[in-house]
Protein chains: 2
Amino acid sequence: MTEKFNSIERCDCNVIHEDIVNQVRDKMPQEESLYDLAELFKVFGDSTRIRILWALHEAEMCVCDIAVLLNMTQSAISHQLRVLKQANLVKNRKEGKVVCYSLVDDHVREIFDQGLIHINEK
Amino acid sequence: MTEKFNSIERCDCNVIHEDIVNQVRDKMPQEESLYDLAELFKVFGDSTRIRILWALHEAEMCVCDIAVLLNMTQSAISHQLRVLKQANLVKNRKEGKVVCYSLVDDHVREIFDQGLIHINEK
DNA sequence: TAGTTATATGAGCATTTATTCAAGTGTTTT
DNA sequence: AAAACACTTGAATAAATGCTCATATAACTA
């Protein structure tokens with residue numbers, strides 16, 4: 001939101017390619033959309049969270065089960081589940097003392113798959 | 001690779017849900033795949049890089065043009081292009097002094113789209 | 001050859017982030 | 001009621017990260 005109008009030096013290219021740059025500028029989505037998109041991918045950009053998401057894609061699980069599965073502390077898992085929930089990727093359900101987490105929808109799987117396609121094609 | 005065998009306390013859940021946890025464990029991809037996947041998404045998880053990728057999806061561009069388009073220094077753009085190249089998302093082509101960058105393939109667009117589907121559905 | 005242009009790179013700095021630790025909440029069990 | 005249990009939360013810390021600044025490189029130009 002804090003648009004900057006600093007002293008980015010222009011070069012000859014900018015003049016030569018002015019039309020191209022302007023065309024691209026017009027086609028770019030609004031700053032906010034791209035920021036949100038980056039925020040979403042940032043959530044996927046951590047191996048702990050990726051592993052949690054993958055696990056939840058297989059089955060609904062409680063915090064302590066995920067902790068044992070990934071061999072990490074409950075606290076660490078709980079912190080990351082919070083991030084995942086804020087990103088609207090997981091939801092939870094209370095069953096007595098236990099809190100069960102699951103995926104909100106199946107987008108996660110599709111995003112995974114796209115990523116894997118890229119990785120497996122190098 | 002450095003597998004940890006620390007003192008993650010087991011709870012009653014782990015015993016009750018032992019079968020589920022083991023099933024999920026068996027289905028989980030190898031640690032390395034998920035790590036690579038996280039690394040890929042980490043690259044997408046920055047708004048500068050997302051904006052560069054989006055721009056390159058519209059047109060092949062040189063470093064200084066991208067810098068002007070995004071109103072950032074050439075140095076900052078160059079650093080990020082390096083990250084994108086290491087992730088095998090962009091390639092470059094030298095034309096005299098000028099270095100032109102473009103997308104390696106169209107996976108980027110597909111990964112974008114999956115992300116946008118999720119964002120637009122809250 | 002000297003100077004300019006376009007880009008790359010390394011060090012430094014400020015910010016973000018993932019985990020740990022300690023303490024707190026709410027539920028169940030004894 | 002007290003203790004145990006599953007989980008959450010906030011502060012602290014170490015590591016990672018993005019940008020800036022100065023400098024280096026490589027190609028073009030005068």
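What you see is a predicted model; the values in this text were computed from it and never measured. Convention: sequence-line order gives letters A, B, ...; per-chain numbering from 1.
Using a 5.5 Å limit on the distance between ring centres and a 30° limit on the angle between planes, the aromatic ring of B/His79 counts as stacked on the six-membered base ring of C/dT9.
Residue B/Thr73 is in sugar-phosphate contact alone, with no base atom involved, counting any heavy-atom pair closer than 4.0 Å across all strands shown. Heavy atoms of B/Lys42 sit under 4.0 angstrom from primed sugar atoms or phosphate atoms, though from no base atom. Among the protein residues, A/Arg10 comes within range of no part of the nucleic acid, since none of its heavy atoms lies under 4.0 Å from any strand.
Closest-nucleotide positions on DNA chain C for B/Val63 and A/Lys94 were compared, and the one nearer the 5' end corresponds to B/Val63. Residue order along DNA chain D, read from the 5' end via each residue's closest nucleotide, puts B/Asn14 first among B/Asn14 and A/Arg82. Residues B/Leu81 and A/Asp46 each lie close to DNA chain C; by heavy-atom proximity, the contact nearer the 5' end of the strand is made by B/Leu81.
Between B/Gln80 and D/dC19 there is a side-chain N or O to OP1 or OP2 distance below 4.0 Å. Side-chain N/O atoms of A/Tyr101 include none lying less than 4.0 angstrom from OP1 or OP2 on D/dA6. The side chain of A/Ser78 contributes no N or O atom lying less than 4.0 Å from OP1 or OP2 of D/dT9.
Rounded to a whole Å, the CZ atom of B/Arg49 is 12 Å from the C1' atom of D/dA16. Taking atom NZ on A/Lys97 and atom P on C/dT29, their separation rounds to 6 Å, with Å as the unit. One atom, CG of A/Asn92, and another, P of D/dA6, lie 17 Å apart when rounded to the nearest Å.
The neighbour count for A/Arg25 CZ, taken as heavy atoms of other residues, nucleotides or ligands under 6.0 Å away, is above 12.
Ring-plane geometry between A/Phe44 and A/Phe112 is classed as perpendicular, the angle between the planes exceeding 60 degrees on a 0 to 90 degree scale with a lower cut at 30.
Side chain of B/Gln74, nearest nucleotide from C/dA6, C/dT7, D/dC7: C/dT7.
Under 3.5 Å, the side chain of A/Ser75 and the base of D/dC7 form no donor-acceptor pair of N or O atoms.
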